[in-house]
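What follows is one structure encoded as structure tokens, with my remarks underneath.
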Amino acid sequence: MKFEEAKNKYIQTWGALGSQWGINKTMAQIQALLMISTEALSIEEIMSELQISRGNASMNIRALIDWGIVFKETKSGERKEFFTTEKNLDRLAVTIAKERSRRELQPAIRMLKEVSTIETNDSIAEMEFVSQTEKLHDFVSKADSLVDKVTQYKENWLSKLIMKILK
């Protein structure tokens with residue numbers, strides 16, 4: 001397999017996996033392209049490489065910036081904006097985990113807390129509803145806490161040292 005073919009296969013596959021991380025295919029393809037680029041790319045270069053429209057590229061780059069995994073760069077003497085991504089996989093994973101927690105788990109926790117604290121008339125259906133939503137609230141809260149602890153582990157040298165000792 002030649003370089004261009006391998007690069008295209010990587011970008012296409014990474015894009016297909018994007019929906020499993022909570023982002024769309026084009027967002028994942030842009031991030032994949034930036035991940036393997038040796039320098040920051042302009043929006044025109046991204047559009048050309050991925051064969052996407054300016055609007056599609058712009059919208060998805062902005063979303064990636066909102067996620068905290070793509071960054072703008074400036075080049076001396078250039079008016080264009082250039083973009084790069086976090087290339088450290090540990091930091092990238094931590095950033096994605098934190099953002100997914102903020103976008104998905106925390107709203108679910110708030111909703112589950114709200115619906116599990118309804119006033120009941122002690123009917124079987126209402127008591128079962130409260131019981132199940134409380135259990136789900138506890139489960140999702142523990143999952144969010146685990147995500148928080150794992151992301152703190154990546155940032156905390158003492159935890160890293162303890163984990164090394166425990167291995």
Measure across Arg102 and Pro107 and return the closest heavy-atom pair with its distance rounded to 0.1 Å.
-> O-CD, 3.3 Å
When every non-hydrogen atom of Ala28 is compared with those of Gly18, the smallest separation belongs to CB-CA, 3.7 Å
Cationic N near anionic O, under 4.0 Å, Lys72 to Glu78 | no
Inter-residue atom distance Ser37.OG - Ile46.CD1, 0.5 Å rounding = 7.5 Å
CA sep, side-chain torsions, deciding dist, call: Val115, Phe129, side chain to side chain contact (heavy atoms under 4.5 Å, CB included) | CA-CA 9 Å; Val115 300; Phe129 176 82; 3.9 Å; yes
Smallest heavy-atom separation, Ala40 atom then Lys75 atom, equals O-NZ, 3.6 Å
Separation between CZ (Phe83) and CD1 (Ile65), nearest 0.5 Å, reads 5.0 Å
Taking the side chain as every heavy atom from C-beta outward, state whether Ser101 and Lys98 have any atom pair closer than 4.5 Å.
-> no
Nearest heavy-atom neighbours spanning Gly68 and Thr95 = O-CG2, 3.6 Å
Do Leu41 and Met59 belong to the same hydrophobic cluster, where Ile, Leu, Val, Met, Phe, Trp and Tyr are linked whenever their side-chain heavy atoms lie under 4.5 Å apart, directly or via other members?
-> no
Search all heavy atoms of His137 against all heavy atoms of Lys113 and return the closest pair with its distance.
-> CD2-N, 3.5 Å
Check the hydrophobic clustering (I, L, V, M, F, W, Y; side-chain heavy atoms under 4.5 Å; chains of links allowed) and say if Ile118 and Val140 are grouped together.
-> yes
Measuring from Glu104:CD to Ile109:CD1, what's the distance to the nearest 0.5 Å?
-> 11.5 Å
CD/Gln132: more than 12 non-hydrogen atoms of other groups inside 6.0 Å = yes
Do other residues, nucleotides or ligands put more than 12 heavy atoms under 6.0 Å from Ile124 CD1?
-> no
Which heavy atom of Asp122 sits nearest a heavy atom of Met127, and at what distance?
-> O-CE, 3.8 Å
Report yes or no: does Lys25 contribute a side-chain atom to a donor-acceptor pair with the main-chain N or O of Ala16 at less than 3.5 Å?
-> no
Distance, nearest 0.5 Å, that separates CD1 of Ile11 from CG of Leu50 | 5.5 Å
Side chain of Asn24, backbone of Thr26: donor and acceptor closer than 3.5 Å?
-> yes
Flag yes if Phe71 and Ile23 sit in one hydrophobic cluster, no otherwise; membership is Ile, Leu, Val, Met, Phe, Trp, Tyr, and two members link when side-chain heavy atoms are under 4.5 Å apart.
-> no
Heavy-atom side-chain contact between Leu105 and Arg100 under 4.5 Å = no
Look at the side-chain heavy atoms of Ile, Leu, Val, Met, Phe, Trp and Tyr, link any pair under 4.5 Å apart, and say whether Phe82 and Met35 land in one connected group.
-> no
Compare all side-chain heavy atoms of Ile96 with those of Leu92 and state whether any distance is below 4.5 angstrom.
-> yes
Gap between atom CD1 of Ile30 and atom OG of Ser58 - 0.5 Å precision = 9.0 Å
Distance col, row Glu73:CD vs Lys80:NZ, nearest 0.5 angstrom, shows 15.0 Å
Applying side-chain hydrogen bond (donor to acceptor under 3.5 Å, both in side chains), which residue pairs with at least one partner in residues 3-16 are found, sequence neighbours left out?
-> Lys7-Glu49, Gln12-Gln29, Trp14-Gln31
Ring pair (Phe, Tyr, Trp, His ring centres under 6.0 Å) filter on Trp67, not counting sequence neighbours, yields none
Is it true that Leu34 and Phe3 fall in one hydrophobic cluster, defined by side-chain heavy atoms closer than 4.5 Å?
-> no
Under 3.5 Å: donor-acceptor pair, side chain of Ser145, backbone of Ser141 = no
Can any side-chain N or O of Thr85 pair as donor or acceptor with the backbone N or O of Val70 at less than 3.5 Å?
-> no
Can any side-chain N or O of Gln51 pair as donor or acceptor with the backbone N or O of Ser48 at less than 3.5 Å?
-> yes
